[in-house]
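The basis for the numbers below is simple: all heavy atoms, side chains too, and nothing from hydrogens, waters or symmetry mates. Every chain is numbered from 1, with letters handed out A, B, ... down the list of sequences.
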Amino acid sequence: MPVASTAAESASRRESTATTPLHLPKTSESPELLRIRHSMSHVLAMAVQTLFPRAQVTIGPWTESGFYYDFDHPEPFTEADLKAIQKEMGKIIGRRLPLQRLEVSREEAERRITAQGEPYKLEILAGLIEPITLYTLGESWWDLCAGPHVAHTGELNAKAFALESVAGAYWRGDETKAQLQRIYGTAWETPEQLAEHQRRKAEALRRDHRRLGTDLELFSIEDEAGAGLVFWHPRGARMRLLIEDFWRQAHFAAGYELLYTPHVADLSLWKTSGHLDFYKESMFGPMQVDERQFQLKPMNCPFHVLTYASRLRSYRELPIRWAELGTVYRYERPGVMHGLMRVRGFTQDDAHIFCLPEQISAEILGVLNLTETILSSFDFNRYEIHLSTRPAKSIGEDAVWELATAGLIEALDRKGWAYKVDEGGGAFYGPKIDIKIEDAIGRLWQCSTIQLDFNLPERFDLHYVAADGTRPRPIMIHRAIFGSLERFFGIMVENYAGDFPFWLAPEQIRLLPVTDAVLPVAETLLSQFRAAGIRAELDRSSERLGKLIRQGEQQKIPLLAVIGAAEAEAGTLNLRSRRDGDLGAVAVAALLAAAETANRDRSAGLALEPA
RNA sequence: GCCGGUGUAGCUCAGUGGUAGAGCAACUGAUUCGUAAUCAGUAGGUCGUCGGUUCAAAUCCGAUCACCGGCUCCA
């Protein structure tokens, strides 16, 4: 497993997400669970073949939280089938059937499989190297398997497993091959672990950004406009603006300049870049304009490259760091879109660095630092780093690859981040670093990527004037920190479960008048808050306070400020914080100052003294 | 694109061939109330879309679009 690296653990990790009552080991961390889940998939297969004799078995490996098994079966399995299968599995477990390892010759295995009429198993056998082992489960059922397994099904806990879903899957993951039915299950050592697993699944559902996006009125995707195209509603747009403002500020501070480039451009640009050869199936079709063909951009790089090439560059100008929040459009096949996570139009926080070979290490380190600055501001403090090196099929000289890869490694070492090396996993045009972030419930998301590119400078004939008057090619670095603003936004919504830190909340404070009598005072306060750059609203409905509180809490507003006769008289507000509960009376001036400070410092909450 | 499932009011859902329903939200009125739901009323849907079967379709059939769970792919 990759080494997880922890950058300054933030104290501001939200309380609802920081503690997990019960540790749930992954399969790869627990030899016991490995045996349980391995055996469980055999129990599943046996149960299915008992109930559905026509089902043919294929493969059934463990996953990090359970197991699955792929079957070829003419009729689709239904939810009711799943229940029946689960019941049958319970019976098998109850019979305490032994699992026995048997080493057989290839001929023997072939003979046994042929007798059963299991074509997929035969195909699996062909790919196996000796020794060929199989495991029997009870008297008559067996499957090809390397193990390990529990000694008998009595070691499986019938109350600690559940079948979860059935889905389509291709044989060998190849979409040209047969479509099979995959049954997913989860299995644990104890019922308590199963319950915790199911609690976490429910938690993930509660955090679903599509759900929260609708409930909190952040964004929508409209059928009429088309799949995978995002509409940012006022509340989502406010947040996006805050994110972008922060992003720009951080980039200027890190020595970047910002660009704006067109959304469409002459198709020939994509011929030069090579995208038309390698990326065509991901691009929207070209459009005819006058005598020329134009292309909606799937990437920003050629535009930045053209900007670089617009005049002669000196080595003294390098490194050049150009960033752009560039919206790109990519054709995604129907059926793959998913909320904000997978869309057809999205905004990359793209940047390109043009530098000298000897600047690579320092530039990469700069990118790593900026990445940490930005990601940690959204409470993403745990990263998993992957370094991908030269693949077999690649362009560029050995010396450049070596220099570049060494530069990446040096930067990672100087940053002190552990990483996993993916040998030969780089792009054909250069090595790369990918950064996955871990969210509040332990899920990993790939966002940031840093790629060296030896290809585009070549294709667009980029160069700079060196000290000796020669014109070498610059090194080009592509990097994105959020990756896709839309996708990052979705991940962030799930990370916070919609409970955004104060600085990011679309509505930071809502004024709740106890009676209409204090409305005029509340209106004045509202203006005051807004003038101070605080995102405040006033609830003017004549509902009772309890209702106003309830609605404010449901909309996850960080601060609810109750104003009644007493407060109006005293020039205070009675504050209720979403994170910390009732804060009591607070002077208006103190609240204003604290809120302004929190906005400036991008704080999760206010530093307040009770009045 | 593939396998399976689902599309009924802004949201959550009920309604299996015979005149479209509930709760919440919205709006109006009354109420002026102190930390998670005051009461009453009003309005809102050609049941995703198109086509077919039928005297009659939300309901049956076909196509199509979108969404959901996966596969493949991927930021």
Self-check item: Nearest-angstrom distance, C1' atom, B:rC67 to B:rU32
Solution: 45 Å

Exercise. Specify the separation, in whole Å, of atom CZ of A:R210 and atom C1' of B:rG10.
Key: 19 Å

Practice problem: Look at the side chain of A:E75 and the base of B:rG4, then say whether one donor and one acceptor between them are separated by less than 3.5 Å. | Solution: no

Self-check item: Candidates B:rG34, B:rA66, B:rA25 - which lies nearest the side chain of A:Q551
Solution: B:rA25

Quiz item: What is the pairing partner of B:rC47, taking Watson-Crick or G-U wobble pairs with both distances under 3.5 Å in any strand?
Solution: none

Quiz item: Out of B:rA66, B:rU72, B:rA36, which nucleotide sits closest to the side chain of A:R578?
Solution: B:rA36

Quiz item: Between B:rU38, B:rC71, B:rG34, which nucleotide gets closest to the side-chain atoms of A:Y170?
Solution: B:rC71

Exercise. Could you state the atom-to-atom distance from CD of A:E543 to P of B:rA30 in whole Å?
Key: 14 Å

Quiz prompt | Nucleotide forming a Watson-Crick or wobble pair with B:rA58, both distances under 3.5 Å | solution = none

Quiz item: Nearest to the side chain of A:M337 - B:rA36, B:rC67, B:rA75?
Solution: B:rC67

Quiz prompt | Under 4.0 angstrom between A:R544 side-chain N/O and B:rU32 OP1 or OP2 | solution = no

Practice problem: Let me know which of A:W445, A:W247, A:F346, A:F380 forms a ring-ring contact (aromatic ring centres under 6.0 Å, His included) with A:F488. | Solution: A:F380

Quiz item: What does B:rA66 pair with, Watson-Crick or G-U, if both distances are under 3.5 Å?
Solution: B:rU6

Practice problem: Could you tell me whether the side chain of A:E332 has a donor or acceptor atom within less than 3.5 Å of a complementary atom in the base of B:rA75? | Solution: yes

Practice problem: Give A:G335 one of three labels, base, sugar-phosphate or nothing, depending on what nucleic acid heavy atoms sit under 4.0 Å from its own. | Solution: base

Quiz item: Are the side chains of A:N574 and A:T572 in touch, meaning some heavy atoms are under 4.5 Å apart?
Solution: no

Quiz item: How long is the line joining CG of A:D539 and C1' of B:rA37, in whole Å?
Solution: 13 Å

Quiz item: Rounding to a whole Å, what distance do you find between A:W171:CH2 and B:rC3:P?
Solution: 19 Å

Self-check item: Side chain of A:S542 - closest among B:rG69, B:rU31, B:rG34
Solution: B:rU31

Quiz item: Separation of A:L444 atom CG from B:rC74 atom P, in whole Å?
Solution: 19 Å

Quiz item: If you count the non-hydrogen atoms of other residues, nucleotides and ligands that lie under 6.0 Å from CD in A:E75, is the total more than 12?
Solution: yes

Quiz item: Which part of the nucleic acid, if any, lies within contact of A:D516, taking any heavy atom under 4.0 Å across all strands shown: a base, the sugar-phosphate backbone alone, or nothing?
Solution: base

Quiz item: Just how far is it from atom CG of A:L452 to atom CD1 of A:I364, taken to the nearest 0.5 Å?
Solution: 5.5 Å

Practice problem: Send over the distance from A:E79 CD to B:rU6 C1', rounded to a whole Å. | Solution: 12 Å

Could you pull out the protein-nucleic contacts involving nucleotides 11-16 of chain B (nitrogen or oxygen on both sides, under 3.5 Å)?
unit_1: B:rU12; atom_1: OP1; unit_2: A:R211; atom_2: NH1; d: 3.4

Quiz prompt | Nearest-neighbour nucleotide for the A:I549 side chain, B:rU32, B:rA36, B:rA75 considered | solution = B:rA36

Quiz prompt | Residue whose closest nucleotide on RNA chain B lies nearer the 5' end, A:R330 versus A:V336 | solution = A:V336

Quiz item: Should A:K547 be listed as having a side-chain N or O under 4.0 Å from OP1 or OP2 of B:rA25?
Solution: yes

Quiz prompt | Proximal nucleotide (of B:rG4, B:rA75, B:rG34) relative to the A:S484 side chain | solution = B:rA75

Quiz item: Expressed in whole Å, how much space separates the P atoms belonging to B:rG21 and B:rU16?
Solution: 14 Å

Exercise. Go through B:rG69, B:rA66, B:rC73 for me and flag the one nearest to the A:A227 side chain.
Key: B:rA66

Quiz item: Does any donor-acceptor pair link the side chain of A:R576 with the base of B:rA36 at a separation under 3.5 Å?
Solution: yes

Self-check item: ring centroid sep under 5.5 Å plus plane angle under 30, A:Y184 with B:rG70
Solution: no

Self-check item: Minimum-distance nucleotide to A:L545 side chain [options: B:rG34, B:rA36, B:rA25]
Solution: B:rG34

Exercise. Determine which nucleotide pairs with B:rU53, using a 3.5 Å limit on both distances of a Watson-Crick or G-U wobble pair.
Key: none

Quiz item: How far, in whole Å, is B:rG34 from B:rC27 if one measures between their P atoms?
Solution: 23 Å

Exercise. Check the angle between the aromatic planes of A:W188 and A:H197 and answer parallel, tilted or perpendicular using the 30° and 60° thresholds.
Key: tilted

Quiz item: Do A:R550 and B:rA37 share a donor-acceptor pair, side chain to base, under 3.5 Å?
Solution: yes

Quiz item: Nearest-Å distance, CG (A:L82) to C1' (B:rG5)?
Solution: 13 Å

Quiz item: Taking CD from A:E175 and P from B:rC71, how many angstroms apart are they, rounded to a whole number?
Solution: 13 Å

Exercise. Find the distance between CG (A:L216) and NE2 (A:H233) and round it off to the nearest 0.5 Å.
Key: 12.5 Å

Practice problem: Considering only atom C1', compute the distance from B:rG52 to B:rG23 and round it to an integer number of Å. | Solution: 36 Å

Quiz item: Is A:H338 near enough to B:rG69 that one of its side-chain N or O atoms lies under 4.0 angstrom from OP1 or OP2?
Solution: yes

Self-check item: With A:L538, the side-chain contact (heavy atoms from CB on, under 4.5 Å) member among A:I509, A:L525, A:L519
Solution: A:L519

Quiz prompt | Interatomic distance at C1', B:rG44 relative to B:rA36, whole Å | solution = 28 Å

Exercise. Report yes or no: does A:R211 contribute a side-chain atom to a donor-acceptor pair with the main-chain N or O of A:R206 at less than 3.5 Å?
Key: no

Self-check item: Strand partner of B:rA37, provided both Watson-Crick or wobble distances fall under 3.5 Å
Solution: none

Exercise. Select from A:E486 and A:D174 the residue whose nearest nucleotide in RNA chain B is closer to the 5' end of that strand.
Key: A:D174

Quiz item: If we take the P atom in both B:rC47 and B:rA20, what is their distance in whole Å?
Solution: 10 Å

Quiz item: Which of parallel (below 30°), tilted (30 to 60°) and perpendicular (above 60°) describes A:H338 and A:H209?
Solution: tilted

Quiz item: Whom does B:rG23 pair with, Watson-Crick or G-U wobble, provided both distances fall under 3.5 Å?
Solution: B:rC11

Practice problem: Could you label the plane-to-plane angle of the A:F278 and A:F428 rings as parallel, tilted or perpendicular, counting under 30° as parallel and over 60° as perpendicular? | Solution: tilted

Self-check item: Centroid-centroid distance, A:Y256 to A:W322, less than 6.0 Å
Solution: no

Quiz item: Of the candidate nucleotides B:rG4, B:rA75, B:rU38, which contains the atom at the shortest distance from the side chain of A:R487?
Solution: B:rA75

Self-check item: Touch class at under 4.0 angstrom, heavy-atom based, for A:A566 against every strand present
Solution: base

